[in-house]
Amino acid sequence: MDVGSGASLKLTKRVLDELGILDQYNPMIHFPENYVAELRGKNYREQWETYIKSYWYHFVLADGSLLIYEEDSFRFLMAPLRLPTREDFLHEEFGDIWDEEFTEDDKNQYLSSSEFSIAYQNFVDSTATYSPYTPVRYDMSLDKNEYCRLTHPAFHLHIGFENNSRIPVKVKMTPFSFTMFILSTFYPKEWKRIFNEGMLSDKEKSKVKSRLETIVHIDNELWCNEHEEIRAYIG
């Protein structure tokens, strides 16, 4: 499935753009058949770097975190480094001169130049510092052979890196609803701005959760009221 061309992804891009936290957008991802093998044995930072170098992402956020949407799995790869911003670089490189002496044309010309790209990347490489990370993966499977009412929900979240966490999710998320979950969880200031600045219509707000399909409506054999309703879940 080409999630890269879906309306849900386009709405996601618009919100990230309006928030000013979108750094790069890649509408089409090509995962080679052996891409999982390429990641095997690598630590988290090495995996994150591989996703970036291979363009295996839909969105790169301003802090270096990645959002990736596959047909049956969505990922948020939080950046393991604290990256300096473009503003940090400009302040270090030019100080007050940038605002006082550069015209808007001068600024635009410099920011679109290869000189800036190279200088900024060198600045990032030399000043980036380690940062704690919490990746999130949302998995969806309608395979009854994989489902276990006690240990393997049909839809679930993995929180963290290389552990056995599976948090049940009762709704079928979309790229947009998954991204809104990530923003509300890890980017509270931006989440607040979405509503304070009226970025979403009422119809778009309903796509965050209330209009999502539930696993019960998709296949009621993949949700067990006896065991799954007694524990905390999302949805």
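As a basis for the values below, the full set of heavy atoms in this structure was taken, side chains included, without hydrogen atoms, waters or symmetry mates.
When every heavy atom of Val171 is checked against every heavy atom of Gly235, the shortest pair comes out as CG1-CA, 3.9 Å. Tyr120 and Arg86 make their closest contact through OH-N, 3.5 Å (heavy atoms, listed as atom of the first residue, atom of the second, distance). Heavy atoms only, all atoms of each residue included: Leu222 and Tyr147 are closest at O-CE1, 3.4 Å. Met173 and Ile234 get closest at one heavy-atom pair: CE-CG2, 4.4 Å.
With sequence neighbours excluded, the residues that form a side chain to side chain contact (heavy atoms under 4.5 Å, CB included) with Lys107 are Trp98, Asp99, Phe102, Glu104. Annotation: side chain to side chain donor-acceptor pair (under 3.5 Å) contacts of Asp202 (sequence neighbours excluded): none. For the ring-ring contact (aromatic ring centres under 6.0 Å, His included) test, residues two or more places apart in sequence or in another chain that qualify with Phe76 are Phe186. Judged as a ring-ring contact (aromatic ring centres under 6.0 Å, His included), and not counting sequence neighbours, His91 has no contacts. The side chain to side chain donor-acceptor pair (under 3.5 Å) check on Arg14 picks up Glu18, Glu204, with sequence neighbours excluded. With sequence neighbours left out, the ring-ring contact (aromatic ring centres under 6.0 Å, His included) criterion links Phe123 to Phe89. With sequence neighbours excluded, the residues satisfying salt bridge (Lys or Arg N to Asp or Glu O under 4.0 Å) with Lys170 are Glu229. A search for side chain to side chain donor-acceptor pair (under 3.5 Å) contacts involving Lys209 returns nothing, not counting sequence neighbours. With sequence neighbours excluded, the residues satisfying side chain to side chain contact (heavy atoms under 4.5 Å, CB included) with Arg137 are Ser73, Arg75, Asp139, His158.
With 3.5 Å as the limit, one finds a donor-acceptor pair spanning the side chains of Tyr57 and Gln24. A donor-acceptor contact closer than 3.5 angstrom is absent between the side chains of Asn43 and Gln47. Side-chain N/O atoms of Lys42 and Thr50 include a donor and acceptor closer than 3.5 Å. Using modelled atom types and a 3.5 Å distance limit, the side chains of Ser177 and Thr174 yield a donor-acceptor pair. There is no side-chain donor-acceptor pair under 3.5 Å between Thr103 and Asp105. There is a side-chain donor-acceptor pair under 3.5 Å between Ser65 and Asp63.
Expressed to the nearest 0.5 Å, how far CD of Glu221 lies from CG of Leu142 amounts to 11.5 Å. Note that CG of Asn220 is 9.5 Å distant from OG1 of Thr214, once rounded to the nearest 0.5 Å. Atom CZ of residue Arg149 and atom CG of residue Asn225 lie 11.5 Å apart, to the nearest 0.5 angstrom. To the nearest 0.5 Å, atoms CD1 (Ile182) and OH (Tyr138) are separated by 12.0 Å. Atoms CG and CD1, from Leu90 and Ile97 in turn, are 12.5 Å apart once rounded to the nearest 0.5 Å. Expressed to the nearest 0.5 Å, how far NZ of Lys189 lies from CG of Leu19 amounts to 13.5 Å.
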Donor-acceptor pairs under 3.5 Å, side chain of residues 28-40 to any protein atom, not counting sequence neighbours: which ones?
unit_1, atom_1, unit_2, atom_2, d
Tyr35, OH, Glu70, OE1, 3.3
Tyr35, OH, Glu70, OE2, 2.9

Show me the side-chain donor-acceptor pairs of residues 77-85 shorter than 3.5 Å, one per line, residues at least two apart or across chains.
unit_1, atom_1, unit_2, atom_2, d
Thr85, OG1, Glu87, N, 3.4
Thr85, OG1, Asp88, N, 3.0
Thr85, OG1, Asp88, OD1, 3.4
Thr85, OG1, Asp88, OD2, 3.1

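Checking side-chain atoms of Glu228 against main-chain N and O of Cys224 turns up a donor-acceptor pair under 3.5 Å. One N or O on the side chain of Ser141 and one on the backbone of Asp143 form a donor-acceptor pair closer than 3.5 Å. Without hydrogens or angle criteria, Ser8 side chain to Phe176 main chain gives a donor-acceptor distance under 3.5 Å. In this structure, His156 contributes its side chain and Ile167 its backbone to no donor-acceptor pair below 3.5 Å. Formation of a donor-acceptor pair under 3.5 Å by the Asp219 side chain with backbone atoms of Ile215 is not found in this model. At least one donor-acceptor pair closer than 3.5 Å links the side chain of Ser112 to the backbone N or O of Gln109. No donor-acceptor distance shorter than 3.5 angstrom exists from the side chain of Thr151 to the backbone of Cys148, with no hydrogens or angles considered. At least one donor-acceptor pair under 3.5 Å links the side chain of Ser184 to the backbone N or O of Phe181.
For the pair Ile21/Leu183, a side-chain contact is recorded, criterion being any heavy-atom separation below 4.5 Å from C-beta on. Side-chain contact check for His58 versus Leu67: every heavy-atom pair is 4.5 Å or farther apart. The closest side-chain heavy-atom distance from Met199 to Ile194 is below 4.5 Å. In this structure the side chain of Phe59 reaches within 4.5 angstrom of the side chain of Thr12, judged on heavy atoms. Leu9 is listed as a side-chain neighbour of Tyr25, based on a closest heavy-atom distance under 4.5 Å. With contacts defined as side-chain heavy-atom distances shorter than 4.5 Å, the pair Leu157/Phe74 does not qualify. Between Met140 and Glu71, every side-chain heavy-atom pair lies at or beyond the 4.5 Å cut-off. Put simply, the side chain of Pro153 reaches to within 4.5 Å of the side chain of Arg166, judged on heavy atoms.
Residue Asn163 places its CG atom among more than 12 non-hydrogen atoms of other residues, nucleotides or ligands, all under 6.0 Å distant. Heavy atoms of other residues, nucleotides or ligands lying less than 6.0 angstrom from CD of Glu92 number 12 at most.
The hydrophobic cluster containing Phe155 does not contain Ile230, counting ILVMFWY residues as joined when their side-chain heavy atoms lie under 4.5 angstrom apart, directly or transitively. Hydrophobic clustering, with ILVMFWY side chains joined whenever heavy atoms are under 4.5 angstrom apart, keeps Ile118 apart from Leu111.
Applying the ring pair (Phe, Tyr, Trp, His ring centres under 6.0 Å) test to every pair with at least one member in residues 196-224, sequence neighbours left out, gives these pairs: Trp223-Tyr233.
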Begin with the C-alpha distance, continue with both residues' side-chain angles, and end with the deciding distance and a verdict on side chain to side chain contact (heavy atoms under 4.5 Å, CB included) for Ile52 and Leu66.
CA-CA 8 Å; Ile52 293 177; Leu66 309 179; 3.9 Å; yes

